[in-house]
Asker: 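Could you have a look at this structure, given as structure tokens, before my questions?
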Amino acid sequence: MNKCMKVSLFLIFMCWVLSAVSGCVAPDGGERSSVSVEDIEVMSLSEEYSTPVSGETGNVLNVTAYIVNADKADSSALLIRFKLEETDSAEPSSSRELATKNVELDYIKGRSMLPQSVQIAVPGPGTYHVEVSVFEEGKDPSPALGMVFFIGEEGEVGTF
């Protein structure tokens, strides 16, 4: 190898290292998705406004995730996963998964926000954790977003 080729290979290697360190390239070499969850809202629905959730009894919640595409281009196909767990307020590390709902979308337009909602039934008063993840086809997922909330005796939703 001549000196010019060695310098070129060194520069290419340094560019790759710098892009990996800066976060432009995901650790496993894939491209990171620019679609992420910006915010989550949880509301209790009265029986007159809710649809039955697979025959379960309890409080029906409307969980809305605000999905953002920060890229200029439209996204690829998306899978949005809503995961609900019941937690123990005295022991936050212990939890029991109650439900997982997946929503498939064809795409989200570039530089836009899309609210996506699902209805999930919870057994009654208690402390819960909801986590929303977005998976874009062919890309590494962005970090999931979660929130802890409680359901009171009257069915009201509160946050900590």
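No experiment lies behind these values; they were computed from the predicted model shown.
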Asker: Please lay out, stage by stage, how L78 and V134 fare under the test side-chain contact (heavy atoms from CB on, under 4.5 Å).
Answerer: CA-CA 7 Å; L78 300 170; V134 178; 4.0 Å; yes
Asker: Just verifying a value: how many Å separate R81 CZ and N102 CG, rounded to the nearest 0.5 Å?
Answerer: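 One gets 4.5 Å once the value is rounded to the nearest 0.5 Å.
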Asker: Would you call V122 and L61 a side-chain contact if the rule is heavy atoms closer than 4.5 Å?
Answerer: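 Counting from C-beta outward, V122 and L61 do come under 4.5 Å.
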Asker: Hey, does the side chain of S142 reach the backbone of V35 with a donor-acceptor pair shorter than 3.5 angstrom?
Answerer: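 Present.
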Asker: Examine distances only and state if a side-chain atom of K101 and a backbone atom of Q119 form a donor-acceptor pair shorter than 3.5 Å.
Answerer: yes
Asker: Using a 4.5 Å cut-off on heavy atoms from C-beta on, say whether the side chain of I67 contacts that of I80.
Answerer: yes
Asker: Do R32 and K139 pass the side-chain contact (heavy atoms from CB on, under 4.5 Å) test, and can you show the C-alpha distance, the side-chain angles, and the key distance before you say yes or no?
Answerer: CA-CA 6 Å; R32 183 159 310 277; K139 297 186 179 180; over 6 Å; no
Asker: Go through it in stages, so that I can follow the logic: the residues are V148 and T159, the test is side-chain contact (heavy atoms from CB on, under 4.5 Å), and I'd like the CA-CA distance, side-chain angles, deciding distance and then a yes or no.
Answerer: CA-CA 7 Å; V148 176; T159 58; over 6 Å; no
Asker: Which pair of heavy atoms, one from S44 and one from V157, lies closest together, and at what distance?
Answerer: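 Minimum heavy-atom separation between S44 and V157: N-CG2, 3.6 Å.
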Asker: Under 3.5 Å, is there a donor on one side chain and an acceptor on the other for E41 and Y66?
Answerer: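 The criterion, which ignores hydrogens and geometry beyond distance, is satisfied for Y66 and E41.
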Asker: Are more than 12 heavy atoms from other residues, nucleotides or ligands located less than 6.0 Å from atom CD of E97?
Answerer: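 It does: E97 CD has more than 12 such atoms within range.
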Asker: Step by step, work out the side-chain hydrogen bond (donor to acceptor under 3.5 Å, both in side chains) result for S33 and E136.
Answerer: CA-CA 6 Å; S33 175; E136 184 176 3; 2.6 Å; yes
Asker: On a heavy-atom basis, which atom in G124 and which in I151 lie closest, and how many Å separate them?
Answerer: O-CB, 3.9 Å
Asker: What is the minimum heavy-atom distance between L84 and A121, and which atoms define it?
Answerer: CD2-O, 4.4 Å
Asker: What closest approach, in Å, do G146 and H129 show between heavy atoms, and which atom pair accounts for it?
Answerer: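 Residues G146 and H129, closest heavy atoms: CA-NE2, 4.0 Å.
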Asker: Look only at the side chain of D74 and the backbone of G110, and say whether a donor-acceptor pair between them is shorter than 3.5 Å.
Answerer: yes
Asker: What is the distance from atom CG of L145 to atom CG of D39, rounded to the nearest 0.5 Å?
Answerer: 7.0 Å
Asker: Is the Y128 to F150 ring centre distance short of 6.0 Å?
Answerer: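 For Y128 and F150, the ring centres are not under 6.0 Å apart.
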Asker: Give a yes or no on whether F135 and L114 share a hydrophobic cluster (residues Ile, Leu, Val, Met, Phe, Trp, Tyr; joining criterion: side-chain heavy atoms under 4.5 Å apart).
Answerer: no
Asker: Could you tell me the separation between the CG atom of N59 and the CD atom of E156, rounded to the nearest 0.5 Å?
Answerer: 9.0 Å
Asker: Report yes or no: do F149 and V118 belong to one cluster of Ile/Leu/Val/Met/Phe/Trp/Tyr joined by side chain heavy-atom distances under 4.5 Å?
Answerer: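 Linked within one cluster.
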Asker: Charged N to carboxylate O under 4.0 angstrom, E85 versus K83?
Answerer: yes
Asker: Identify the residue among S34, S36, S112 that makes a side chain to side chain donor-acceptor pair (under 3.5 Å) with N69.
Answerer: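 One option only clears the test, and that one is S34.
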Asker: Would you compute the distance between atom CG of L79 and atom OG of S76 and round it to the nearest 0.5 angstrom?
Answerer: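 L79 CG to S76 OG: 13.0 Å, rounded to 0.5 Å.
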Asker: With a 4.5 Å limit on heavy-atom distance, are the side chains of K72 and R111 in contact?
Answerer: yes
Asker: More than 12 heavy atoms of other residues, nucleotides or ligands under 6.0 Å from OH of Y107: yes or no?
Answerer: no
Asker: Between S75 and I108 (side chain of the first, backbone of the second, donor and acceptor by atom type, cut-off under 3.5 Å), is there such a pair?
Answerer: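 Yes; judged by distance alone, with no hydrogens or angles, the pair exists.
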Asker: The test is side-chain contact (heavy atoms from CB on, under 4.5 Å); show your working for M147 and V42 and say whether it passes.
Answerer: CA-CA 9 Å; M147 78 178 274; V42 179; 4.0 Å; yes
Asker: Testing I40, V132, T100 for side-chain contact (heavy atoms from CB on, under 4.5 Å) with F82, which one passes?
Answerer: V132
Asker: Indicate if V68 and L105 have the same hydrophobic cluster label, given that clusters are the connected sets of ILVMFWY residues with side-chain heavy-atom separations under 4.5 angstrom.
Answerer: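 Different clusters: V68 never reaches L105 through Ile, Leu, Val, Met, Phe, Trp or Tyr contacts under 4.5 Å.
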